[in-house]
Amino acid sequence: MEQNKSELIALCHAWLDKRLDGLKQAQSAVDESLQGAVKSSAGDKHNTERAHLQLQAEKLGQQFKAIDQQRLALSKIQSSVATGKVHLGSLVETDQQRYFIAIAAGAIQFKGNQIWAIAPQSPIGQLLLGKSVGESIVWAGKSQQIIKIY
């Protein structure tokens, strides 16, 4: 299972890379628009547009920081650690779903299975953390029993 976790971590990194590429494109577009707004002198409309672009740039900056934090979380995952309880880096199989406790990347197709990459601080991540095989959680009104923890 160590190899599978390494592959899942690599898939999460690839997801972050794709997201980062999109953010870089958005940042370039905002930078270009800001350059055009500087050259313009249309009064109040100019000031409003510039303020809007600056807000977009700040939001993008926050998203860049979030990606850095997610990369840091992935770097803390040790694929060979087995505690018997759900923790950061656990691959959890319930009777209904599979979850990878890492980052909030959503559904990942992995070796013919759907695995939900979730952050430990997400609502379902909080329900799973610290649980052991045989324990159950209730999510979206449905009970799920933990079958395996890798």
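One is the number of the first residue; the rest follow in order along the sequence. From a predicted model like this one, the values you see are computed outputs, not experimental measurements.
For the side chain to side chain donor-acceptor pair (under 3.5 Å) condition, no pair includes a residue of residues 57-69, sequence neighbours left out.
Proximity of V138 to Q144: side-chain heavy atoms (C-beta onward) are nowhere separated by under 4.5 Å. Between Y150 and N4 the shortest side-chain heavy-atom distance does not fall below 4.5 Å.
A donor-acceptor pair under 3.5 Å links the side-chain atoms of E135 to the main chain of S132, judged by distance alone.
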Residue pair Q96, K142: steps toward the side chain to side chain contact (heavy atoms under 4.5 Å, CB included) verdict:
CA-CA 9 Å; Q96 295 181 23; K142 295 181 182 176; 4.0 Å; yes
One pair to check against side chain to side chain contact (heavy atoms under 4.5 Å, CB included): F100 and I9. What are the steps and the verdict?
CA-CA 9 Å; F100 181 47; I9 291 169; 3.8 Å; yes
Passes side chain to side chain contact (heavy atoms under 4.5 Å, CB included), T94 versus Q145? Steps please.
CA-CA 5 Å; T94 72; Q145 184 176 10; over 6 Å; no
Begin with the C-alpha distance, continue with both residues' side-chain angles, and end with the deciding distance and a verdict on side chain to side chain contact (heavy atoms under 4.5 Å, CB included) for C12 and I108.
CA-CA 9 Å; C12 287; I108 295 175; 4.0 Å; yes
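For the pairing with H13, the side-chain hydrogen bond (donor to acceptor under 3.5 Å, both in side chains) check across K18, Q70, R71 returns one residue only, R71.
Considering only residues two or more places apart in sequence or on other chains, H52 meets the side chain to side chain contact (heavy atoms under 4.5 Å, CB included) condition with Q56.
Under the 4.5 Å side-chain heavy-atom criterion for Ile, Leu, Val, Met, Phe, Trp and Tyr, F64 and W15 are members of the same hydrophobic cluster.
Interatomic distance, CG of L8 versus CG of L74, reported as 10.5 Å (0.5 Å rounding). How far CG of L91 is from CD1 of I77: 10.5 Å, rounded to the nearest 0.5 Å. In this structure, the separation between CG on L53 and CD on E32 is 11.5 Å, given to the nearest 0.5 Å. Residue R98 holds its CZ atom at 10.0 Å from CD of Q114, rounded to the nearest 0.5 Å. Taking CD1 of I67 as the reference point, atom CG of L72 lies at 13.5 Å (rounded to 0.5 Å). The CD1 atom of I147 sits 11.5 Å away from the CD atom of Q97 when rounded to the nearest 0.5 Å.
At a threshold of 4.0 Å, the pair K148-D95 does not count as salt-bridged, since none of the basic side-chain nitrogens sits closer than that to a carboxylate oxygen.
Residues V30 and A57 come closest through the heavy atom pair CG1-CB, 4.0 Å. The minimum heavy-atom distance between L88 and A73, with the atom names listed, is CD2-O, 3.8 Å.
A donor-acceptor contact under 3.5 angstrom links the side chains of Q27 and D31, judged on distance only.
Members clustered with Y99: V86, V92, I101, W116, I118, I124, L127, L128, L129, V133, I137, W139, I146, I149, by chain and number, using a 4.5 Å side-chain heavy-atom cutoff among hydrophobic residues.
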